[in-house]
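As structure tokens, the structure follows; a few thoughts come after it.
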Amino acid sequence: MSNSFTLESAPGRSIRVHQFATDNAEKVVIMAPAMAVPQRYYHEFCQWLAQQGYHVLSFDYFGIGDSHGGNLRQVDSSISDWARYDAQTVLNYALDNFKVPVVWFAHSIGGQLFGMLERHDEVERMVTVATGTGFWRDTKPSLKYKSWVLWRGIVPWLLPLVGYFPGERLGIVGNVPRSAMAQWRKWCLHPDYLVGAEDLYKRYARVSTPIISLAFSDDELLTPRNITAMHDFYASAPQRRHFVTPEDLDVDAIRHFSLFRPRSQQVWEKLLAPQLSAALPE
């Protein structure tokens, strides 16, 4: 059984949430999406998780997907706003309405934002999937030049010209509100990414929620250095880090995005779902 509803995350700001319900759920799983990726991209996976006995909540950050709110030129939000308003509202909803453990299941930027949230100490675990920093010098060699051109050449003049980042037309990321893209640029140009750019070292170091990290050898965006750096900022969190190859799972590819597509159910069964019930790192 599934249904969708709207939550007000701040005055004049609403987000769309979809829940996949199951009887006698053992845990609530919040599917925290990647940058500019609409929640519908994860719905087959969320439905499958519900069939495994979990109550699942997915959502869109303000300005993305079903939380679009109209003409993107008139809709503005920073990434920090996505955390403090949108992600926080969904987390509060889960913690306040269910009496079972809550899991933050984070894809990419969904794991980066966790340190900005309040009540993170009430979350049973965070599972990060392909989460790392976006510092441009640490990305894959094939991306470094493209990243430099994007952040130094394209974004600074395109945002004021168009009023948002038209990533769908450019084939880069996706459509993103102007303040979110400007802030992401700031982060990606800083060696310590968002934690350094916003001076959040102490805040991230206080997070004590156990973390299970899943990273992939064929990730087309992240290097081990990106992934290690991001998780090292969660200095007080017990962690278990897995670096997985396609051969480990007997599949052709995992990559940064492909593993949430329906054809990747073998990866869901062998890798993703087991992290929800695995013993917590100490």
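Only a predicted model underlies this, so the values are computations on that prediction, with no experimental measurement involved.
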For this session: Using the side chain to side chain donor-acceptor pair (under 3.5 Å) rule, take D138 and T223 through it: C-alpha gap first, then chi angles, then the decisive distance, then the call.
Result: CA-CA 7 Å; D138 289 345; T223 64; 5.9 Å; no

Exercise. Would you call R203-E118 a salt bridge at under 4.0 Å N-O?
Worked result: yes

Problem set entry | Stepwise side chain to side chain donor-acceptor pair (under 3.5 Å) test for H242 and S213 | CA-CA 6 Å; H242 300 280; S213 166; over 6 Å; no

Problem set entry | Chi angles and distances behind the side chain to side chain contact (heavy atoms under 4.5 Å, CB included) call for V155, L150 | CA-CA 6 Å; V155 171; L150 176 66; 3.8 Å; yes

For this session: Using the rule that two of Ile, Leu, Val, Met, Phe, Trp, Tyr join whenever any of their side-chain heavy atoms come within less than 4.5 Å, decide whether I15 and Y41 are in one cluster.
Result: no

Exercise. Is the F45 ring parallel, tilted or perpendicular to the W268 ring (thresholds 30°, 60°)?
Worked result: perpendicular

Exercise. Is there a donor-acceptor pair under 3.5 Å between the side chain of Q19 and the backbone N or O of S4?
Worked result: no

For this session: Evaluate the ring planes of Y204 and Y234, with Trp represented by its six-membered ring, and classify them as parallel (under 30°), tilted (30 to 60°) or perpendicular (over 60°).
Result: tilted

Problem set entry | Heavy-atom neighbours of E282 CD exceed 12 at 6.0 Å | no

For this session: Kindly give the heavy-atom pair with the smallest separation between A229 and T133, and that separation in Å.
Result: CB-CG2, 3.9 Å

Problem set entry | Evaluation steps, side chain to side chain donor-acceptor pair (under 3.5 Å), between Y201 and D192 | CA-CA 9 Å; Y201 296 101; D192 283 345; 2.8 Å; yes

Exercise. Within a reach of under 6.0 Å around CG of N24, are more than 12 heavy atoms found that belong to other residues, nucleotides or ligands?
Worked result: no

For this session: Please report the shortest heavy-atom distance between A278 and R240, naming the atom on each side.
Result: CB-NH1, 4.4 Å

Exercise. Going through the distances and angles, do H55 and F98 end up as a ring pair (Phe, Tyr, Trp, His ring centres under 6.0 Å)?
Worked result: CA-CA 10 Å; H55 190 107; F98 300 95; 4.6 Å; yes

Exercise. Can Q183 and S80 be counted as having a side-chain donor-acceptor contact under 3.5 angstrom?
Worked result: yes

For this session: I would like to know whether F243 and L214 meet side chain to side chain contact (heavy atoms under 4.5 Å, CB included); could you show each step before the answer?
Result: CA-CA 6 Å; F243 188 73; L214 303 175; over 6 Å; no

Problem set entry | Salt-bridge criterion met for R16 and D60 (N-O under 4.0 Å) | no

Exercise. Does the D218 side chain pair with the main chain of I254, one donor and one acceptor, at a distance under 3.5 Å?
Worked result: yes

Exercise. Counting distance only, does the side-chain N/O of S78 pair as donor-acceptor with the main-chain N or O of D81 below 3.5 Å?
Worked result: yes

For this session: Indicate whether the side chain of T89 and that of N92 have a donor and an acceptor atom separated by less than 3.5 Å.
Result: no

Problem set entry | Any donor-acceptor N/O pair, S264 side chain to V267 backbone, under 3.5 Å | no

Exercise. Charged N to carboxylate O under 4.0 angstrom, E220 versus K140?
Worked result: no

For this session: Check the pair S2, H18 against side chain to side chain contact (heavy atoms under 4.5 Å, CB included), reporting the backbone distance first and the verdict last.
Result: CA-CA 7 Å; S2 66; H18 201 98; 3.4 Å; yes

Exercise. Do the ring planes of W82 and Y61 sit parallel (below 30°), tilted (30 to 60°) or perpendicular (above 60°)?
Worked result: parallel

Exercise. Any chance CZ of R225 has more than 12 other-residue heavy atoms, nucleotides or ligands included, within less than 6.0 Å?
Worked result: no

Problem set entry | Expected output: side-chain D248 to main-chain T245 donor-acceptor under 3.5 Å | yes

For this session: Show your reasoning for whether salt bridge (charged side-chain N to carboxylate O under 4.0 Å, His left out) applies to D76 and R178.
Result: CA-CA 6 Å; D76 202 19; R178 60 184 178 273; 3.6 Å; yes

Exercise. How about D23: does its CG atom have over 12 heavy atoms from other parts shown lying under 6.0 Å from it?
Worked result: no

For this session: Would you please classify the geometry between the H107 ring and the F257 ring as parallel, tilted or perpendicular, with 30° and 60° separating the classes?
Result: perpendicular

Exercise. Do the two ring centres, one from H43 and one from F20, sit under 6.0 Å apart?
Worked result: yes

Exercise. Taking T139 for the side chain and W136 for the main chain, is one N or O donor matched with an acceptor at less than 3.5 Å?
Worked result: yes

Exercise. If you measure from the Lys or Arg side-chain nitrogens to the Asp or Glu carboxylate oxygens, is any gap between D232 and R241 under 4.0 Å?
Worked result: yes

Problem set entry | F5, CZ: over 12 other non-hydrogen atoms inside 6.0 angstrom | yes

For this session: Could you tell me whether D252 atom CG has more than 12 heavy atoms of other residues or ligands within 6.0 Å of it?
Result: no

Exercise. When clusters are formed by joining ILVMFWY residues with side-chain heavy atoms under 4.5 Å apart, either directly or through shared neighbours, do Y193 and V173 land in the same one?
Worked result: yes

Exercise. So with a 6.0 Å cut-off around CZ of R152, is the heavy-atom count from everything else above 12?
Worked result: no

Problem set entry | Parallel, tilted or perpendicular: rings of W184 and W151 (30°, 60°) | perpendicular

Exercise. Hey, are R13 and S77 close enough side-chain-wise for a donor-acceptor pair under 3.5 Å?
Worked result: yes

Seminar exercise, completed: In terms of heavy-atom contacts, I211 and A237 come closest through CD1-CB, 3.8 Å

